[in-house]
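What follows is a set of notes on a single structure, which appears directly below.
Remember, predicted model here, so these are calculated numbers, not experimental data.
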Amino acid sequence: MPGAGSILAALEAATGTAPTIIGKPQPAMFEAALGVLGTAAARTLMLGDRLATDIAGARRAGLKAALLLTGVTTAADVATAGISPDAVFADLPALLTAWRLAR
């Protein structure tokens, strides 16, 4: 089964028009969410479990980002990926605990 990249290439070849990609890590999806929420990027924290999509996308959109180690990304990946979240938490309960302690 063809992947998204090959389908985009076929559509571009057939139409002569380059696609506009809105999925992560492009900032368009994050900007749309900010618009729906009615908040500014500087006042919003993105929670994600993948460095290359969630955290990178948040950074591109100007958001602060917290990485939850509940997906494929490991703590060791953070040290070598070149993408830096503002904080790293084992899971959502750990983030909530830290939030309560900071208040």
Checking the side chain of R59 only, and the main-chain atoms of S84 only, is there a donor and an acceptor separated by less than 3.5 Å? yes
Between T39 (side chain only) and L34 (backbone N and O only), is there a donor and an acceptor less than 3.5 Å apart? no
With salt bridge (charged side-chain N to carboxylate O under 4.0 Å, His left out) as the rule and sequence neighbours excluded, what pairs involving residues 26-46 come up? none
Residues 15-29 vs salt bridge (charged side-chain N to carboxylate O under 4.0 Å, His left out), sequence neighbours excluded, gives K24-D54
Taking atom [atom1] of [X] and atom [atom2] of [Y], what is their separation to the nearest 0.5 Å?
X: L37; Y: T44; atom1: CG; atom2: OG1; result: 7.0 Å
X: I83; Y: R50; atom1: CD1; atom2: CZ; result: 12.5 Å
X: M46; Y: L67; atom1: CE; atom2: CG; result: 10.0 Å

Non-hydrogen atoms of [X] and [Y] that approach each other most closely:
X: P25; Y: A52; result: CB-O, 3.6 Å
X: F30; Y: A58; result: CZ-N, 3.6 Å
X: V78; Y: P85; result: CG1-CD, 4.1 Å

Under 4.5 Å between side-chain heavy atoms, hopping through other hydrophobics if needed: is there a path connecting L51 to L69? yes
Linking I/L/V/M/F/W/Y whenever any side-chain heavy atoms sit under 4.5 Å apart, do V88 and I55 land together? yes
Just wondering, do L8 and I21 contact through their side chains at under 4.5 Å, heavy atoms? yes
Can you list, by chain and residue number, the hydrophobic cluster partners of L92 when the side-chain cut-off is 4.5 Å? L45, L47, L68, F89, L95, L96, W99
